[in-house]
Colleague: 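Below is one structure. I have some questions about it.
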Amino acid sequence: MSEANTSETAAVSIRHLSKSFDDVEVLRDVELEVKTGEVVTIIGSSGSGKSTLLRCINWLEKPDRGSIHIAGQRIGVHDDGRPMPVRELAKVRAQTGMVFQGFNLWPHLNVLHNVTEAPIHVQGKSKREAEELATALLEKVGMSQKHDSYPNTLSGGQKQRVAIARALAMQPAVMLFDEPTSALDPELVGEVLAVIKDLSAEGYTMVMVTHEMAFARAVSDQVVFLEKGLIIERADPETFFTTPKTDRVRKFLENHDTPSSA
Amino acid sequence: MNASAWNMLLEGAWTTVWISAVSIAIGVVAGLVIALIRLARIPIIDQLLVLYISVARATPLVTLALFIFLSAPDLGLDLNRSVAGILALTLNTTAFNAEIWRSAFRNFSREQSEAAMAIGMTPWVTFRRIMLPQMVITSLPGLVNEMSFLIKGSPAIAVIGIVDLTRVTNRISAVTYEPLPPILVAGALYMAIIGCLVWLQRLAERRANRLAM
Amino acid sequence: MSNWEILWDERAQFWSGFLSTLEIFGLSIMGAFVIGCGLLYLLEGSRKRLTTPLRIFIDGMRMLPFLILAYLLYYGLPSVGIRLDAWGAGVGALAVYHGCYFAEIFRGNRLTFPPGQIEAAQAHGFTKGKLFFRLLLPQIIMQTRPLLGNQLIYALKDTAFLVIITVGELTAAANSLSSTYFIPTEAFIVVIGFYWAISVTMEIIIKQCGRFSAKRGFDNV
Ligand SMILES: Nc1ncnc2c1ncn2[C@@H]1O[C@H](COP(=O)(O)OP(=O)(O)OP(=O)(O)O)[C@@H](O)[C@H]1O
Ligand SMILES: [Mg+2]
């Protein structure tokens, strides 16, 4: 991957992150550093806390303990423990782009306006500027023919590609993907993965939860294995998929169709 | 029927339309405000609103109009007939509209607003740009339906002496001694007004269905 | 003497107004129910020549205010030689008006019926009448219960319109008391309480019926 634009401050830096849902500890003292330009994949069985970790990064879930910095800025609370006012929180959140399993496009807006909505109403871009940007991004995800379509007329793969363009439009410091292909028909998975792969080649910083092992192996710089809220293994993809250190990961990989080669 | 009878009928229709329109406009907004307040679930205030909605939905418009018009002086208020009529219609329709808005809130998917927050919208921008437009689209068929009901209930204001499209037929037949023609024409005019609303409701339904993913 | 004491002394007037409203309501919804079922039966008979006028009649009624229909029966009919008293015109108008709403509710539900059920019954040799009364109607009534309940509350509220054509009922009682003693606020609070109590009672009964019908498996057949 491109190491050229690595900077001093990490894109995401998570320290001592813990989170419980009524007495059940879902995340336990998670530490994670994502360098700019890096692709980190989070793997783990169902209920291990992957989504929760991702949702803590942009404060959709409020952690109980620990700190999270996005591009050097702390999210959610100030260092002295004061909760962040909503406006300030929104500013930091704008540094992250999230792609959901269920797309979550806004059904009352057409494709173009789904993408321009936040640049115009959050960043205060002019309509023209936002539309130029959106046109370029929709081109990038292969949706330039569909500007005027409404979300409910699109296929799952098309929706997800629009959702990616929508997140990119804010020019975030990091893109967060939560199982972006799990809700798709098998024949549509490829088109979305291809878009994500292009992004990784362009040097976008990404944190991704996925069950697509071959894909994870191909695009990741770092693979993290989450088990009951603990990171029990982390390695570069080659090491992770060929010589896992723990029995747990070995078992997990056996149960998933392990990729033959990168 | 002569020209003056026709004139009176049209004036009656105008009275019905403008009083209803004012009540609808206030009622739609007030219903939204009440639905929003109920979202906050403030103790006591929430129970009071539930009580208001329940009583207002059960109270006949005629009774409500008489109540407001006759007891306003008791409460030290000086209401003219039109204001009392508008108040009665508004108090009634607001209760129904509040329930329509509230069900739109409840059916609004949390994921939609999460997507908005995640991209950096403040709660206010999320409400204004993402929630409200969708809620308007999903509530509109119900709101327009309630407008039809309001028009159908509007003759109640005749009881406090407002000469609306129904009451005017009495005035005309008092002169012509032929009650049937003005009543039939008034009925046709009501059908025209409500027909427009039914047509609007169809359009609104088509739009709402398009929103459903 | 406080205003409330005056009302207590005059409780007989409220009571007779209340009973009169209940009587008007009870009779007219029974009539409306029969008319609704009858209209459904006629619509079910597949004669096209009859279906279209019936649909126009039902939709037309639903586009009219109730009071206009009451006016038509009370003030209008004498012109063509039919004279009804206020009470008869009121009950008749309520029955016809809400009968059309009932019919529309039934019709809407009938459209969602799986054709297989009807065909199965026909295959078993059900006659048309039996099919309607033993198979269709009970299911439609049970399934449209919440809508019918709503309509009953509208019908109850429409009874108050009859005060305008001089029928003595609950609202008329409050009106006359408030003008005799100049205590409108108290008098109307009492009658609004009466209307509210009837509505709440009806809602509870409908909920109870819901439990019964869930047990009998009428829902989601
Ligand atoms: N809002 C919530 N309230 C209570 N418990 C929750 C909530 N969200 C998640 N959990 C619980 O936290 C645990 C971790 O959930 P999470 O969604 O992070 O798992 P996951 O690794 O993403 O699983 P999957 O692969 O199924 O998406 C689960 O046991 C889940 O039931
Ligand atoms: Mg998950």
Side-chain angles (χ1 to χ4, degrees), chain A residues 51 54-55 57-61 70 75 84-110 113-124 149-154 156 159 162-163 166-172 175-176 178 183, chain B residues 28-29 31-32 35-37 39-42 100-144 200-213:
Chain A
S51 297
L54 221 52
R55 291 162 57 83
I57 293 178
N58 61 8
W59 215 256
L60 286 180
E61 299 289 356
I70 313 289
I75 188 165
M84 226 173 221
V86 286
R87 286 175 163 279
E88 210 174 321
L89 174 61
K91 275 225 176 71
V92 189
R93 269 184 179 149
Q95 294 284 310
T96 69
M98 191 167 214
V99 176
F100 300 83
Q101 187 177 340
F103 327 122
N104 301 356
L105 291 179
W106 299 311
H108 63 302
L109 300 174
N110 68 20
H113 292 151
N114 259 279
V115 182
T116 59
E117 184 72 7
I120 294 174
H121 294 279
V122 176
Q123 293 177 323
S149 306
Y150 278 83
N152 61 350
T153 64
L154 302 178
K159 282 182 200 167
V162 174
R166 175 177 72 177
L168 288 173
M170 295 294 283
Q171 293 151 324
M175 290 282 285
L176 310 171
D178 190 359
Chain B
V28 167
V29 177
L32 176 60
L36 285 173
I37 296 175
L39 278 193
R41 290 172 195 270
I42 309 162
I100 294 170
W101 283 117
R102 207 167 79 92
S103 99
F105 272 118
R106 278 205 303 219
N107 295 336
F108 190 81
S109 76
R110 204 169 53 109
E111 287 86 38
Q112 290 275 324
S113 28
E114 274 186 352
M117 306 277 229
I119 209 162
M121 293 190 193
T122 56
W124 169 239
V125 175
T126 304
F127 174 74
R128 200 167 47 88
R129 301 287 315 175
I130 305 299
M131 277 187 88
L132 195 57
Q134 292 190 47
M135 282 178 28
V136 170
I137 295 172
T138 50
S139 306
L140 207 55
L143 292 172
V144 177
L200 271 180
Q201 190 182 338
R202 294 245 168 82
L203 287 190
E205 264 159 14
R206 217 172 301 152
R207 244 186 104 195
N209 288 340
R210 234 187 305 151
L211 192 69
M213 293 272 257

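All chains are named by letter (A, B, ...) in the order of the sequence lines, taking the proteins before the strands, and each is independently numbered beginning at 1. As the structure is a computational prediction, the values presented were derived from the model and not from experiment.
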Colleague: How long is the gap from NE2 on A:His108 to CD on B:Gln112, to the nearest 0.5 Å?
Modeller: 8.0 Å
Colleague: Return the set of residues passing salt bridge (charged side-chain N to carboxylate O under 4.0 Å, His left out) with B:Arg110 (not counting sequence neighbours), or none when no residue passes.
Modeller: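 Per chain and number, B:Arg110 pairs via salt bridge (charged side-chain N to carboxylate O under 4.0 Å, His left out) with B:Glu114.
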Colleague: Given heavy-atom pairs under 4.5 angstrom as the criterion, report whether the side chain, backbone, both or neither of A:Val122 touches chain B.
Modeller: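 Contact with chain B is through the side chain of A:Val122 alone.
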Colleague: Examine whether an atom of B:Ile137 lies under 4.5 Å from a heavy atom of chain A, and if so say whether it belongs to the side chain, the backbone or both; otherwise answer neither.
Modeller: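 Answer is side chain: those atoms of B:Ile137 sit under 4.5 Å from chain A.
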Colleague: For residues B:Gln134 and A:Pro107, report the shortest heavy-atom separation together with the two atoms involved.
Modeller: OE1-CG, 3.3 Å
Colleague: If you measure from CE on B:Met117 to CH2 on A:Trp59, what distance do you get to the nearest 0.5 Å?
Modeller: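 One finds 14.0 Å between CE of B:Met117 and CH2 of A:Trp59.
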Colleague: Test of understanding: with salt bridge (charged side-chain N to carboxylate O under 4.0 Å, His left out), list the residues that count as partners of A:Glu61, not counting sequence neighbours.
Modeller: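 Partners of A:Glu61 under the salt bridge (charged side-chain N to carboxylate O under 4.0 Å, His left out) test: A:Arg55.
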Colleague: What are the residues of residues 93-101 of chain A, in order of number, with any heavy atom under 4.5 angstrom from a heavy atom of chain B?
Modeller: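 Checking residues 93-101 of chain A against chain B gives A:Arg93, A:Ala94, A:Thr96, A:Met98, A:Phe100.
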Colleague: Suppose we screen for side chain to side chain contact (heavy atoms under 4.5 Å, CB included). Which residues come up paired with A:Ala90, at least two apart in sequence or across chains?
Modeller: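 A:Ala90 satisfies side chain to side chain contact (heavy atoms under 4.5 Å, CB included) with B:Thr122 once adjacent residues are dropped.
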Colleague: Using every non-hydrogen atom in the two residues, find where B:Asn209 and A:Asn152 come nearest and quote the distance to one decimal.
Modeller: O-ND2, 4.5 Å
Colleague: What do you reckon, is CZ of B:Arg128 surrounded by more than 12 foreign heavy atoms closer than 6.0 Å?
Modeller: yes
Colleague: Supply the atom-to-atom distance A:His121 NE2 to B:Ile119 CD1, rounded to the nearest 0.5 angstrom.
Modeller: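 One finds 12.0 Å between NE2 of A:His121 and CD1 of B:Ile119.
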